[in-house]
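Below is one structure, written out as structure tokens; comments come after it.
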Amino acid sequence: MASKVENKSSKVIVVVGGGIAGALVAKSLQFHAHVVLIDPKEYLEITYANLRAKVEPSFAERSVVKHSDYFTKGRIVIAYATGVTDTEVLTSDGEGIPYDYLVIATGANENTYPISRNKRLEQYKEHFARIKLADSVLVIGGGSTVDFPEKKLTLVHKYTRLLDFIGPKASCKALDWFISKNVNVILGQTVDLESHQSGDKIYKTSGGETIMADCHFYCAGIPWGMSWLRDSVLRDAVKDGGRVMVDEYLRVKGRKNIFAIGDITDIPEIKQGLNAIQHANIAVKNLRLLMHRGNENKMATYEASPDMAVVSLGRKDPVMQSPMSTMIGRLPGLVKSNDQFVGKTRRLMGIDASTCFGL
């Protein structure tokens, strides 16, 4: 755990959530205030690289970063947030942490992630071992996926098209790519994992189909990390779908000193790392202005980004959607780079990126 900031007269900023958005806010403000970072794990995971790490475990050595590597002058609390009042955040270890400003960046629920970085790296090694031993693999979810070379791959997605968070042209290109790689794609169905027994190689879909696979990986959406807000003073700002309502300054609806950033916001845009980083930058600017008693009329505003995304399909053929066009192949690959933006993200966090892949 990092040491507490010595300047007791500074404002206290509590950041809940150690994903890219929350981590960047904590890193950027650690020398301007007393910052407390609350996260149930000791590390930041660059999640847009985690599927690559499943098939190349050494990749996780760069994409899984201890909070203490970039957040050196603040307090790290390894716990879940369980509630919030007008003055403090309640944690799973029974502590009430007071705040002057609060930043909610809980994004997706990370209950399945281990606490320690070493355990997370071991998970990736275990995933790779399962893939290496398997002749057939079932992937559940059609968001972003990577290919498993020389394996019989079945992909099941509950919606009627792949990559449903972006446009239909990108979905069609992705489907054509999978078919060209002899992947069995099943759309509009789900897989019943609740009744599936560990070690059983037979899987049943909601449409009555039977799939034989040596192992499976769940790559579908994860619920938003907002359960701790449901019965709190912020309950009126939580929408039915689980997202938090924010204004143009990224402040939570009806609040002057509480911000929400990243995937948990109700901003109508693709939920991805680039947008989360932009949220963090806006929040940092506005928090610094407020801490110095600046004019609220000069606060920075955020506008939803255009629907642009680059999604990996295997290692060298991403599909890219931009406001102007949709394409697949090597050119989008140059945009995303060989290292899945890991090197760029590490530099952003002030961590040495010289040994990252592709650099």
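Count residues from 1 along the sequence.
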Point to revise | Audit row: E248, K253, salt bridge (Lys or Arg N to Asp or Glu O under 4.0 Å) steps and yes/no | key: CA-CA 10 Å; E248 67 270 31; K253 177 186 176 183; over 6 Å; no
Practice item. Quick one: do V319 and L163 satisfy side-chain contact (heavy atoms from CB on, under 4.5 Å)? Show the steps, please. Key: CA-CA 10 Å; V319 60; L163 307 181; 3.6 Å; yes
Exercise for review: Under the side-chain contact (heavy atoms from CB on, under 4.5 Å) rule, what do Y48 and F341 come out as? Steps first, then yes or no, please.
Suggested key: CA-CA 8 Å; Y48 30 92; F341 295 133; 3.9 Å; yes
Review point. Which is it for I104 and L234 under the side-chain contact (heavy atoms from CB on, under 4.5 Å) test, yes or no, and what are the steps along the way?
Key: CA-CA 11 Å; I104 299 169; L234 301 180; 3.5 Å; yes
Practice item. Decide side-chain contact (heavy atoms from CB on, under 4.5 Å) for M291 and I13; before the verdict, give the C-alpha distance in whole Å, the side-chain angles of both, and the deciding distance to 0.1 Å. Key: CA-CA 10 Å; M291 285 190 295; I13 299 175; 3.7 Å; yes
Exercise for review: For R255 and D86, run salt bridge (Lys or Arg N to Asp or Glu O under 4.0 Å): C-alpha distance rounded to whole Å, both residues' side-chain angles, the deciding distance at 0.1 Å, then the answer.
Suggested key: CA-CA 10 Å; R255 298 285 167 165; D86 289 324; 2.7 Å; yes
Point to revise | ring-ring contact (aromatic ring centres under 6.0 Å, His included) between H216 and Y203, intermediate numbers included | key: CA-CA 9 Å; H216 77 272; Y203 298 82; 5.4 Å; yes
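Under the 4.5 Å side-chain contact rule for hydrophobic residues, L90 and V233 do not share a cluster. By the criterion of side-chain heavy atoms lying less than 4.5 angstrom apart, applied directly or through intervening Ile, Leu, Val, Met, Phe, Trp or Tyr residues, I115 is grouped together with L44 in one hydrophobic cluster. Hydrophobic cluster membership is shared by I270 and I328, with clusters built from Ile, Leu, Val, Met, Phe, Trp and Tyr side chains linked at under 4.5 angstrom. Linking ILVMFWY residues whenever their side-chain heavy atoms come closer than 4.5 Å, directly or via other members, leaves M245 and I267 in distinct clusters. A chain of hydrophobic side-chain contacts below 4.5 Å, direct or via other Ile, Leu, Val, Met, Phe, Trp or Tyr residues, connects F259 to I277.
Distance NZ/K152 to CG/N184: 7.5 Å, rounded to 0.5 Å. Distance CD1/I38 to CH2/W228: 7.5 Å, rounded to 0.5 Å. Expressed to the nearest 0.5 Å, how far CD1 of I258 lies from OH of Y101 amounts to 12.0 Å. Rounding to the nearest 0.5 angstrom, the gap separating the CD1 atom in I264 from the OG1 atom in T106 is 3.0 Å. If you take SG on C219 and NZ on K54, they are separated by 6.0 Å, rounding to the nearest 0.5 Å. Distance check: N295 CG to M299 CE gives 10.5 Å after rounding to the nearest 0.5 Å.
With hydrogens and angles disregarded, a donor-acceptor distance shorter than 3.5 Å links the side chain of T265 to the backbone of G262. Remark: side-chain polar atoms of S171 are paired, donor with acceptor, to backbone N or O of L162 under 3.5 angstrom. The main-chain N or O of I131 is found under 3.5 Å from a side-chain atom of K151 such that the two form a donor-acceptor pair. Of the possible donor and acceptor atoms, none in the side chain of D93 sits under 3.5 Å from a partner among the backbone N and O of A79. The main-chain N or O of V64 is found under 3.5 Å from a side-chain atom of R117 such that the two form a donor-acceptor pair. D100 places no side-chain N or O within 3.5 Å of a backbone atom of K11 that could act as its donor or acceptor partner. Side-chain atoms of S92 come within 3.5 Å of backbone atoms of Y80 as a donor-acceptor pair (strictly under, hydrogens ignored). R235 places a side-chain N or O within donor-acceptor distance of the main-chain N or O of S232, the cut-off being under 3.5 Å. Remark: side-chain polar atoms of E45 are not paired, donor with acceptor, to backbone N or O of V65 under 3.5 angstrom. Side chain of Q340 to main chain of T47: no donor-acceptor pair is present (N/O by atom type, distance under 3.5 Å, no hydrogens or angles).
Using a 4.5 Å heavy-atom threshold, the side chains of T72 and F31 count as touching. Put simply, the side chain of Y218 reaches to within 4.5 Å of the side chain of L193, judged on heavy atoms. The shortest side-chain heavy-atom distance between H157 and D164 falls under the 4.5 Å cut-off. Inter-residue side-chain proximity for I20 and T345 is flagged as met; some heavy-atom pair is nearer than 4.5 Å. Considering only heavy atoms from C-beta on, L102 stays 4.5 Å or farther from N257 through its side chain. Residues F178 and L313 meet the side-chain proximity criterion, which asks for heavy atoms closer than 4.5 Å. Side-chain atoms of E269 and H279, non-hydrogen and from C-beta on, do get closer than 4.5 Å to each other. Looking at heavy atoms from C-beta onward, S136 lies out of side-chain contact with M212 at the 4.5 angstrom threshold.
A salt bridge links E95 with R75: the distance from a Lys NZ or Arg NE/NH1/NH2 to an Asp or Glu carboxylate oxygen falls below 4.0 Å. By the 4.0 Å N-to-carboxylate-O rule, R251 lies close enough to E296 to be salt-bridged with it.
For Y159 and Q189, the side-chain atoms include no donor-acceptor pair closer than 3.5 Å. Counting only N and O atoms by type, the side chains of S195 and D192 include a donor and acceptor under 3.5 Å apart. N118 and S116 share no donor-acceptor pair across their side chains, judged by distance under 3.5 Å alone. Side-chain contact, E122 with H127: no donor N or O sits under 3.5 Å from an acceptor N or O.
V14 and P98 make their closest contact through CG2-O, 3.6 Å (heavy atoms, listed as atom of the first residue, atom of the second, distance). Here the shortest heavy-atom pairing between V310 and P318 reads CG1-CB, 3.7 Å. The shortest non-hydrogen separation linking M327 to S325 is CE-OG, 3.4 Å. Shortest non-hydrogen contact noted between F71 and V35 is CZ-O, 3.5 Å. The two residues I261 and G22 come nearest to each other via the heavy atoms CD1-N, 4.3 Å. Closest heavy-atom contact between L37 and G18: CD1-CA, 4.3 Å.
Heavy atoms of other residues, nucleotides or ligands lying less than 6.0 angstrom from CZ of R230 number more than 12. Atom CG of D231 sits in a sparse spot, with 12 or fewer heavy atoms from other residues, nucleotides or ligands closer than 6.0 Å.
V89 pairs with exactly one of V15, V84, T82 by the side chain to side chain contact (heavy atoms under 4.5 Å, CB included) rule, that one being V84.
With F217 as the aromatic partner, R130 meets the cation-pi criteria of under 6.0 angstrom to the ring centre and within 45 degrees of the ring axis. Geometrically, K41 engages Y43 in a cation-pi contact, judged by NZ or CZ lying under 6.0 Å from the ring centre and within 45° of the ring axis.
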